[in-house]
Amino acid sequence: MDFLRGIAIVGVIAVHASQEFSTNLTHLDYLLSLGRFGVQLFFLVSAITICATWLHRKGEPNCTRNFLIRRVSRIAPLFWLGIVAYAAIRHWENINVEDSLYAATLLSGFKANAVNSIVPGGWSIHVEVMFYLSFPLLAALLSAQRANTLLIGLVAWIFYAYFGRDIASELFFPSLDSVSLREALYLSFLNQLPIFIIGIFVFRVLDSAQMQLSRIELVIFLFWITIAAFTAFYRQELSQAFVVVGIILGAFSYLILKYNLSIKWISHLGKYTYGMYICHFAVLSFLHNLFEPGSGLLVFLVMFIFTLALSYFVAVLTYHFFEAPAEHSIRKILIG
């Protein structure tokens with residue numbers, strides 16, 4: 001799992017570094033932009049990990065309550081620290097109290113202005129928390145037939161693509177312009193939910209004696225890819241087909257885990273990806289202000305390596321001196 005997490009954070013930092021320090025090579029910049037799907041790889045790995053954890057602890061007393069406490073205590077303390085740290089970086093100026101409160105509840109995705117404005121990249125934390133809250137219901141997929149897991153994912157995607165987007169627009173984002181609305185709908189939990197369900201399916205396959213896909217599973221995948229591509233073409237909106245990327249990442253994750261593939265240094269990064277994700281935006285901003293803004297392949301490579309190294313250093317410190325102690329304390333108080 002750490003190897004997949006490491007790949008994901010390398011991709012995410014690569015795309016953000018290329019936005020700050022372009023290589024000036026069109027095709028390479030495009031390839032680097034695909035690193036944004038590292039977030040979806042995080043979601044897949046999260047689903048696989050949580051499935052294993054849920055089954056391991058299923059018989060415990062207060063299983064659901066303790067599951068939610070463990071998950072929130074893992075993610076909340078560092079995010080709260082991030083709220084304070086980014087406010088300090090901005091010199092405590094232009095702080096929107098309402099947006100900050102939304103962010104502090106980890107539910108900023110319900111307010112478009114708060115989703116990324118308080119902690120950069122905060123939208124993915126909201127999505128992850130929504131997955132935690134939904135998982136006690138989604139856990140039923142662990143005992144359903146494997147093909148039914150895929151069907152639920154397909155139905156969830158169809159519902160959101162053809163009905164849920166309009167409902168979400170009216171309920172949560174009635175005043176957004178078309179560009180902001182499109183972004184908000186893309187970042188929403190319901191749009192990302194099929195990625196998590198693909199992760200649950202990958203876990204089911206890895207946990208099964210029958211690792212080959214059945215004929216009906218292949219048919220569902222092919223139908224899903226076809227209807228996603230048709231929807232994207234019909235609506236002239238490529239993001240409608242991004243679930244295809246989720247399917248590709250699911251196959252990639254399956255192969256990595258089945259054959260236990262790994263690169264040591266990337267796997268080591270994978271142990272500290274959450275801290276690296278939260279702080280790398282600040283590291284990039286620091287480097288951008290420290291050095292004369294520039295572009296070109298060499299500039300990008302130097303800044304990418306610096307960002308990776310500094311983010312890792314900060315993440316290791318915050319993990320050992322804040323993140324892990326805070327998580328332990330919250331669990332001890334609430335679970336015992």
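What's counted below: heavy atoms across the whole structure, side chains too, no hydrogens, waters or symmetry copies. Since this is a predicted model, take the numbers as computed values, not measurements.
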- Would you say I248 and L44 are hydrophobically clustered, going by side-chain heavy atoms of ILVMFWY under 4.5 Å? yes
- Message: Tell me if a side-chain donor or acceptor on R65 pairs with a main-chain N or O of N62 at a distance below 3.5 Å.
- Response: no
- Non-hydrogen side-chain atoms of L287 and T307 separated by less than 4.5 Å: yes
- Co-membership, hydrophobic cluster, residues I7 and L34, 4.5 Å side-chain: yes
- Message: For V202 versus G250, what's the shortest heavy-atom pair and its separation?
- Response: CG2-O, 3.6 Å
- Query: Are any of the side-chain heavy atoms of V205 and Y254 separated by less than 4.5 Å?
  - Reply: yes
- Task: Would you check if F173 and L185 make a side-chain contact, meaning some heavy-atom pair closer than 4.5 Å?
- Result: yes
- Can you tell me how far CE of M303 sits from CG of L310, rounded to the nearest 0.5 angstrom? 10.5 Å
- Can you tell me if T105 uses its side chain to pair, donor with acceptor, with the backbone of Y102 under 3.5 Å? yes
- Quick one: CD1 on I278 to CD1 on I83, what's the gap to the nearest 0.5 Å? 9.5 Å
- Message: Is there a continuous path of hydrophobic side-chain contacts, each under 4.5 Å between heavy atoms, that joins Y259 to I266?
- Response: yes
- Task: Please test W123 against I125 for side chain to side chain contact (heavy atoms under 4.5 Å, CB included), starting from the C-alpha separation and ending with a verdict.
- Result: CA-CA 5 Å; W123 74 272; I125 309 305; over 6 Å; no
- Item | Minimal non-hydrogen separation, A147 against I220, with atom names | O-CD1, 3.7 Å
- Task: Quick one: pull up CD1 in I335 and CG in N66 and give me the separation to the nearest 0.5 Å.
- Result: 4.0 Å
- Without swapping roles, check the side chain of H280 against the backbone of M276 for a donor-acceptor pair under 3.5 Å. yes
- Describe, in one word, how the ring planes of F67 and F135 are oriented to each other, choosing from parallel (under 30°), tilted (30 to 60°) and perpendicular (over 60°). tilted
- For E128 and F196, run side chain to side chain contact (heavy atoms under 4.5 Å, CB included): C-alpha distance rounded to whole Å, both residues' side-chain angles, the deciding distance at 0.1 Å, then the answer. CA-CA 9 Å; E128 188 76 18; F196 289 102; 3.9 Å; yes
- What are the two closest heavy atoms between V283 and S311, and how far apart are they? CG2-OG, 3.7 Å
- Looking at the rings of Y312 and Y272, which for Trp means the six-membered one, are their centres under 6.0 Å apart? yes
- Item | Passing option when E217 is tested against Q145, Q212, R146 for side chain to side chain donor-acceptor pair (under 3.5 Å) | R146
- Message: Using the rule given for side-chain hydrogen bond (donor to acceptor under 3.5 Å, both in side chains), can you reason through D29 versus S18, listing the C-alpha separation, both sets of side-chain angles and the distance that settles it, and then say yes or no?
- Response: CA-CA 7 Å; D29 280 337; S18 70; 5.0 Å; no
- Message: Taking side chain to side chain contact (heavy atoms under 4.5 Å, CB included) as the criterion, tell me which of N148, T149, L151 meets it with L141.
- Response: T149
- Query: Ignoring hydrogens and geometry, is there a side-chain-to-backbone donor-acceptor pair from N289 to S285 under 3.5 Å?
  - Reply: yes
- Residue pair L107 / H126: nearest heavy atoms and the distance that separates them: CA-ND1, 3.3 Å
- Query: At what distance, to the nearest 0.5 angstrom, does CD1 of I48 lie from SG of C51?
  - Reply: 8.0 Å
- Look at E327 together with R70 and state whether they make a salt bridge at an N to O cut-off of under 4.0 Å. no
- Message: Counting C-beta onward and ignoring hydrogens, is there a side-chain heavy-atom pair between T226 and F221 closer than 4.5 Å?
- Response: no
- Message: Using side chain to side chain contact (heavy atoms under 4.5 Å, CB included), reason through F42 and I9 one step at a time and then give a plain yes or no.
- Response: CA-CA 8 Å; F42 276 130; I9 195 63; 3.9 Å; yes
- Item | L176 backbone acceptor or donor facing S180 side chain under 3.5 Å | no
- Just by modelled atom types, is the A315 backbone N or O under 3.5 Å from a matching donor or acceptor in the Y274 side chain? no
- Message: Grouping I, L, V, M, F, W and Y whenever their side-chain heavy atoms are under 4.5 Å apart, do L137 and L190 come out in a common cluster?
- Response: no
- Indicate the atoms forming the closest heavy-atom contact of G38 with A8, along with that distance. O-CB, 3.4 Å
- Message: Contact between P194 and Y160 at the side-chain level, heavy atoms closer than 4.5 Å - yes or no?
- Response: no
- Query: Is H320 atom NE2 crowded by more than 12 heavy atoms from other residues, nucleotides or ligands, each under 6.0 Å away?
  - Reply: yes
- Under 3.5 Å, is there a donor-acceptor pair linking the side chains of S46 and Y132? no
- Message: Once rounded to the nearest 0.5 Å, what's the spacing between atom CD1 of I198 and atom CG of L249?
- Response: 8.5 Å
- So R5 and T273, side-chain hydrogen bond (donor to acceptor under 3.5 Å, both in side chains) or not? Walk me through it. CA-CA 7 Å; R5 292 188 187 98; T273 50; 5.0 Å; no
- Task: Could you check whether the rings of F281 and Y277 sit parallel, tilted or perpendicular, using 30° and 60° as the cut-offs?
- Result: perpendicular
- Item | More than 12 heavy atoms of other groups within 6.0 Å of Y162 OH | yes
- Do I200 and I152 have side-chain heavy atoms sitting under 4.5 Å apart? no
- Kindly check if the number of other-residue, nucleotide or ligand heavy atoms within 6.0 Å of CD (Q19) is above 12? yes
- Query: Same cluster or not: are V97 and I118 linked, directly or through other Ile, Leu, Val, Met, Phe, Trp or Tyr residues, by side-chain heavy atoms under 4.5 angstrom apart?
  - Reply: no
- Item | side chain to side chain contact (heavy atoms under 4.5 Å, CB included) evaluation trace for K264 with F3 | CA-CA 8 Å; K264 191 173 181 179; F3 181 48; over 6 Å; no
- Task: Please check if the side chain of R71 supplies one atom and the backbone of I50 the other of a donor-acceptor pair under 3.5 Å.
- Result: no
- Message: Nearest 0.5 angstrom please: L193 CG to L138 CG, how far?
- Response: 6.0 Å
- Item | F131/F43 aromatic ring centres below 6.0 Å | no
- Query: For Y186, does the OH atom have more than 12 heavy-atom neighbours from other residues, nucleotides or ligands under 6.0 Å away?
  - Reply: yes
- Item | Shortest non-hydrogen contact from I75 toward V129 | CG2-CG2, 4.1 Å
- Message: What I'd like to find out is whether the side chain of I227 reaches to under 4.5 Å of the side chain of W157, using heavy atoms alone.
- Response: yes
- Query: Looking at side-chain heavy atoms only, is the closest gap between F201 and I197 below 4.5 Å?
  - Reply: no
